[in-house]
2 protein chains.
Amino acid sequence: MVGVTMPQSTMPETTMRIGELATRSGVSVRALRYYEEQGLLTAERSDSGQRHYPERAVDRVQLIQMLYGAGLSSRTILELLPCVDAGVNTPESRARLAAERKRIDEQIAGLIRTRDRLDAVIAVSENPANGCTLIHD
Amino acid sequence: MVGVTMPQSTMPETTMRIGELATRSGVSVRALRYYEEQGLLTAERSDSGQRHYPERAVDRVQLIQMLYGAGLSSRTILELLPCVDAGVNTPESRARLAAERKRIDEQIAGLIRTRDRLDAVIAVSENPANGCTLIHD
DNA sequence: CTTGCCTCTGACGTCAACGTCAGGTCCTAG
DNA sequence: CTAGGACCTGACGTTGACGTCAGAGGCAAG
């Protein structure tokens, strides 16, 4: 056991402001504020009200981006993130995770079908001999 | 050679109206009219102005749906469909097809990464022992 | 002929994930 | 101390793919 209980709380905690987080995570400042508005991202505030983020915020933002990219809505992401954060382990949360995993699986399958279909079109486009055959399937 | 040149032009050409096409292709009537508005779908018109579609429209609508599902915009789909229809074979059209195929490929790769990430979360959620390790990548 | 369902053309509403602008504050360099 | 860049909070604008409603016409059955 080498200090598993307390995640590096002795570090100087280098923080950054919203602009740096934006450039480092590759999203806009506006998007970050939007994420906070949706409850997906929290920030410490300085006395003057400026947001300050720890390093791990970069990773979190990228995770959020991944989930957005997978077609999840902010509401759904909001429901999933607690599972990530605290390892919430209710039956509902696990069902939720499984459901979204399944959704993503199906989405991948659909995309593969689409790609195959596009490949057929490309094949025709590069060899226009037998066009009729694969269009009507 | 068994009549490859003329696609079955002697058939009675069973047609359907918009409602049937909608139910059979699984989209709304509104969506079909929208597709037509975007130039993705054409229809014969009866004297009274009602749309009539041939059987193959079902397939075409499903293709359109696939492409929408792959995240393509109607403008992009509009640019791709001529390649399907007429086998248009310009360098540009082939480049276009290849580009969209690549986009879909990347999208699939991204989704797989997301799924893997979600799998990691799920693993934690079902065995909360070693939580900290995989969250920060 | 009427009833009921389908269809037509506008045209406005919606929703999510931001973009953009306004008007003011903060803070660091010179 | 001051200039200019980063930041703040509203708040309205945008875009795409439709939903929805209004008002009118078409069509097969009874």
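These numbers come from a predicted model, not from an experiment. In what follows, chains carry the letters A, B, and so on, assigned in the order in which the sequence lines appear, proteins first and then strands, with residues in each chain numbered from 1.
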Query raised in the report: Under 4.0 Å between a side-chain N/O of A/S48 and OP1 or OP2 of C/dC27, yes or no?
Result: yes
Query raised in the report: Which part of the nucleic acid does A/L40 contact within heavy-atom distance under 4.0 Å: base, sugar-phosphate only, or nothing?
Result: nothing
Report summary line: Out of C/dC12, C/dC8, D/dA17, minimum distance to the side chain of B/R30 belongs to C/dC12
Report task. Look at the side-chain N and O atoms of A/S74 and state whether any lies under 4.0 Å from the OP1 or OP2 oxygen of C/dA17. Result -> yes
Report task. Name the residue closer to the 5' end of DNA chain C, choosing between A/Q50 and A/Y35 according to the nucleotide with the nearest heavy atom. Result -> A/Y35
Query raised in the report: Rounded to whole angstrom units, what separation is found between the CZ atom of B/R17 and the P atom of D/dC27?
Result: 8 Å
Report task. Using atom CD1 of A/I18 as one end and atom P of C/dC26 as the other, report the distance to the nearest whole Å. Result -> 17 Å
**Report entry** Distance test, side-chain N/O of B/R45 to OP1/OP2 of C/dT9, below 4.0 Å
**Finding:** yes
Query raised in the report: Atom OH in B/Y34, atom CG in B/L41: separation rounded to 0.5 Å?
Result: 13.0 Å
Query raised in the report: For B/Q65 and D/dG16, what is the distance between atoms CD and P respectively, to the nearest whole Å?
Result: 17 Å
Query raised in the report: So what does A/I64 hit on the nucleic acid, given a heavy-atom distance under 4.0 Å: a base, only sugar-phosphate, or nothing?
Result: nothing
Query raised in the report: Hey, does B/S46 reach any base, or is it just sugar-phosphate, or nothing, if we go heavy atoms under 4.0 Å?
Result: nothing
Requested in this report: When you get a sec, tell me which of C/dT7, D/dC18, D/dC7 is the closest nucleotide to the side chain of B/S28?
Outcome: D/dC18
Query raised in the report: Starting at CZ of B/R75 and ending at P of D/dA17, how long is that distance when rounded to a whole Å?
Result: 11 Å
Report summary line: When rounded to whole Å, the CD to P distance for the pair A/E44 and D/dC7 reads 17 Å
Query raised in the report: Using a cut-off of less than 4.0 Å, is there contact between a side-chain N or O of B/R33 and OP1 or OP2 of C/dC8?
Result: yes
Requested in this report: Examine D/dC18: is either OP1 or OP2 under 4.0 Å from a nitrogen or oxygen in the side chain of B/Y34? Give yes or no.
Outcome: no
Query raised in the report: Any Lys/Arg nitrogen of A/E37 or A/R33 sitting under 4.0 Å from an Asp/Glu carboxylate oxygen of the other?
Result: no
Query raised in the report: Between A/I77 (CD1) and C/dC18 (P), how many Å, whole number?
Result: 9 Å
Requested in this report: Grab the CD-C1' distance between B/E37 and C/dC8 for me, whole Å please.
Outcome: 14 Å
Query raised in the report: Donor-acceptor pair, B/R96 side chain versus B/T76 backbone, under 3.5 Å?
Result: no
Report task. Please answer: with hydrophobic residues joined when any side-chain heavy atoms are less than 4.5 Å apart, are B/M66 and B/L72 in the same cluster? Result -> no
Query raised in the report: Are A/E100 and A/R103 ion-paired here, with the side-chain N under 4.0 Å from a carboxylate O?
Result: yes
Requested in this report: Taking only the side-chain nitrogens and oxygens of B/R51, find out if one of them lies under 4.0 Å from OP1 or OP2 of C/dT9.
Outcome: yes
Query - Euclidean distance, atom CG of residue A/L32 to atom C1' of D/dC7 [Å, nearest integer] - result: 13 Å
